[in-house]
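Numbers restart at 1 for each chain; the letters A, B, ... are given by sequence-line order, proteins then strands.
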Amino acid sequence: MSNVPANLKYAASHEWVLVNADGSVTIGITDHAQEALGDLVFIELPETGAHYEKDKEIAVVESVKAAADVYAPIAGTVTEVNQDAADAPESVNADAYAAWLFKMTPDNLADVDALLDAAGYQAVADAG
Amino acid sequence: MLRKTVLNEMHRGLGARMVDFGGWEMPVNYGSQIEEHHAVRRDAGMFDVSHMCPVDLTGPDCRPFLSRLVANDVAKLTVSGKALYSAMLNEAGGVIDDLIIYFLTDTRFRVVVNAGTAEKDLLWMRAKGAEWKMDVRITQRRDGDNALGMIAVQGPNARARVWQVLPQAKAATADLKPFFAAEVDQYFIASTGYTGEDGFEIMIPAAEAQAIWQKLKDAGVAPCGLGARDTLRLEAGMNLYGQDMDETVSPLDAGLAWTVALKDSREFVGKSALTAAGQQKQFLGLVLLDKGVLRGHQTVITNHGNGEITSGSFSPTLQQSIALTRLPLGVQIGDEVEVDIRGKLLKAKVTKPVFARNGKAVQ
């Protein structure tokens, strides 16, 4: 059973979103996603300063088995990337919520409200 | 409705992640694919390969039948138990399947074919047997009352673990050279595999498969899924049917020239097409020099034209991404080439199509 923390918001495309005190958001892939992908071996992160619309491909995570796109859960500008995760992709397998991928400044912080809550994402994960 | 092997419940009991593999519900891993990979290179791992199809050939015409049916020459099989890897071609010289032929007696051979191709292979074999009026009986052993289970136990300690579980098999298999088989009571034990490591592929009555799997597990053999099987065979430079070759690809362009006996006067299906076309591409390896992961269907850009990756992944032994490719003639081992990965051109080095065997990197 994968871990779905209650304090986070989620996209159906398997990203988690944490709203920080300063109004920025931290984004990673869910425990369910890392488990489905298997051992991660490569992560391609976005460029800092780049702007992405919601649902645009923003990063790539690759396991031994497959490559998977990571989508921007909301529209915004990338402010920081987690190079430690790219240098050690297995850290995402070890703890998908500690090994975040990037931070964004949302175009509109209220967009986060439209994302799934933990129960909503659990239902998506359970469905496959 | 997915088909299940006789070991399906064992995989579920071990918490395997199950996937649809060509219509079969198979374990892709039981946890970490990379750990399973290392278990085979360093110790012993086992794979459920009961979805593959053993086919028994019996009758006086076995040898002349196989001689015309496949591209390799069964005349090489002179000692009972010897195995031969071959492609089975269509008239156009494309690969219908790749298979292993075990020679038992002049009236009894066993052929093991791939899971996803078994039905079409059987139809083809039976049609050819009828067309050539050969006295050969073709019996599949995957389904029904006489079904066999098949477990591949691979790794430097694989033989010892098998003997621990099947001590009665030790005498007959202790001196088994690579690519041979021995029959011990109801067990068929072959020193073949798909990992580049020593070990056995054992075929056993389906009713005994679960008990033997459990005993191997208790003896310390790591259950390994299709994920590790793929990275192991990729490192060993072994072709995967449907990826590295298929009915549209000549064995000469898929690195299988060593299995095609073209030089003598023997006629076999596909020979005239192969002779006419000759070799058009070379089958070579790639090691990615930049960061990223090579995958099937990516384009390889060389000074002699473009080529294509047929299989690619991350090599747990080399800790780099590797691939098998079909490249234009003229490309040399050691050349630096570029691979188009999502629109970015990454640097890779051309190598022999083999990366690791017997526990060691060979690049």
Side-chain angles (χ1 to χ4, degrees), chain A residues 1-3 13-14 29-48 50 52 55-72 78 81-96 99 101-102 124-128, chain B residues 15-21 26-41 224-235 240 243 288-298 309 311-323 339-344 346 355:
Chain A
M1 206 60 195
S2 56
N3 174 17
S13 47
H14 309 291
I29 66 165
T30 65
D31 188 45
H32 172 78
Q34 71 75 21
E35 202 180 294
L37 282 163
D39 295 317
L40 294 179
V41 292
F42 178 69
I43 297 174
E44 188 178 311
L45 293 170
E47 300 271 333
T48 303
Y52 290 85
D55 297 333
K56 281 287 167 200
E57 294 123 12
I58 187 167
V60 179
V61 288
E62 298 206 38
S63 69
V64 197
K65 207 162 67 187
D69 287 316
V70 178
Y71 301 93
V78 178
V81 297
N82 185 3
Q83 194 56 44
D84 290 346
D87 291 343
E90 64 277 12
S91 62
V92 177
N93 293 117
D95 186 344
L101 298 184
F102 52 91
V124 170
D126 289 347
Chain B
R17 174 166 284 273
M18 306 297 285
V19 294
D20 176 355
F21 181 79
M26 300 298 291
V28 65
N29 63 60
Y30 301 82
S32 166
Q33 173 177 337
I34 290 178
E35 281 170 28
E36 292 166 21
H37 180 108
H38 289 318
V40 171
R41 287 267 177 264
C224 299
L226 293 179
R229 189 166 164 82
D230 191 51
T231 49
L232 287 158
R233 71 92 196 167
L234 181 65
E235 285 186 350
L240 174 59
Q243 269 184 228
L288 186 65
L289 302 173
D290 288 328
K291 285 190 112 186
V293 185
L294 302 170
R295 304 281 182 191
H297 307 298
Q298 288 168 349
I309 290 179
S311 293
S313 186
F314 176 81
S315 160
T317 303
L318 271 63
Q319 291 287 307
Q320 274 175 296
S321 181
I322 58 170
V339 182
D340 183 338
I341 302 182
R342 294 183 289 273
K344 283 185 195 162
L346 301 188
F355 307 94

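Residues forming a side chain to side chain donor-acceptor pair (under 3.5 Å) with A:Ser13 (at least two apart in sequence, or on another chain): A:Glu15.
Annotation for A:Phe42 and B:Val293: closest pair CB-CG2, 3.7 Å, computed over non-hydrogen atoms. The two atoms that bring A:Val41 and B:Phe314 nearest to each other are CG1-CD2, 3.4 Å, heavy atoms only.
Proximity to chain A (any heavy atom under 4.5 Å) is shown, for B:Val19, by neither the backbone nor the side chain. The parts of A:Ala67 that come within reach of chain B are both its backbone and its side chain, each placing non-hydrogen atoms under 4.5 angstrom from that chain. Both the backbone and the side chain of A:Ala36 come within less than 4.5 Å of a heavy atom in chain B.
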Compile the donor-acceptor pairs, distance criterion under 3.5 Å only, formed between chain A and chain B.
residue: A:Glu35; atom: O; partner: B:Arg17; partner atom: NE; Å: 3.4
residue: A:Asp39; atom: OD1; partner: B:Ser32; partner atom: OG; Å: 3.2
residue: A:Asp39; atom: OD2; partner: B:Ser32; partner atom: OG; Å: 2.9
residue: A:Asp39; atom: OD2; partner: B:Gln33; partner atom: N; Å: 2.9
residue: A:Asp39; atom: OD2; partner: B:Ile34; partner atom: N; Å: 2.7
residue: A:Glu44; atom: OE1; partner: B:Arg342; partner atom: NH2; Å: 3.2
residue: A:Glu44; atom: OE2; partner: B:Lys344; partner atom: NZ; Å: 3.1
residue: A:Glu62; atom: OE1; partner: B:Arg295; partner atom: NE; Å: 3.0
residue: A:Glu62; atom: OE1; partner: B:Arg295; partner atom: NH2; Å: 2.9
residue: A:Glu62; atom: OE2; partner: B:Arg342; partner atom: NH1; Å: 3.1
residue: A:Glu62; atom: OE2; partner: B:Arg342; partner atom: NH2; Å: 3.0
residue: A:Ser63; atom: O; partner: B:Arg295; partner atom: NH2; Å: 2.7
residue: A:Val64; atom: O; partner: B:Arg295; partner atom: NH1; Å: 3.2
residue: A:Val64; atom: O; partner: B:Ser313; partner atom: OG; Å: 2.7
residue: A:Lys65; atom: O; partner: B:Arg295; partner atom: NH1; Å: 3.4
residue: A:Ala66; atom: O; partner: B:Arg295; partner atom: NH2; Å: 3.2

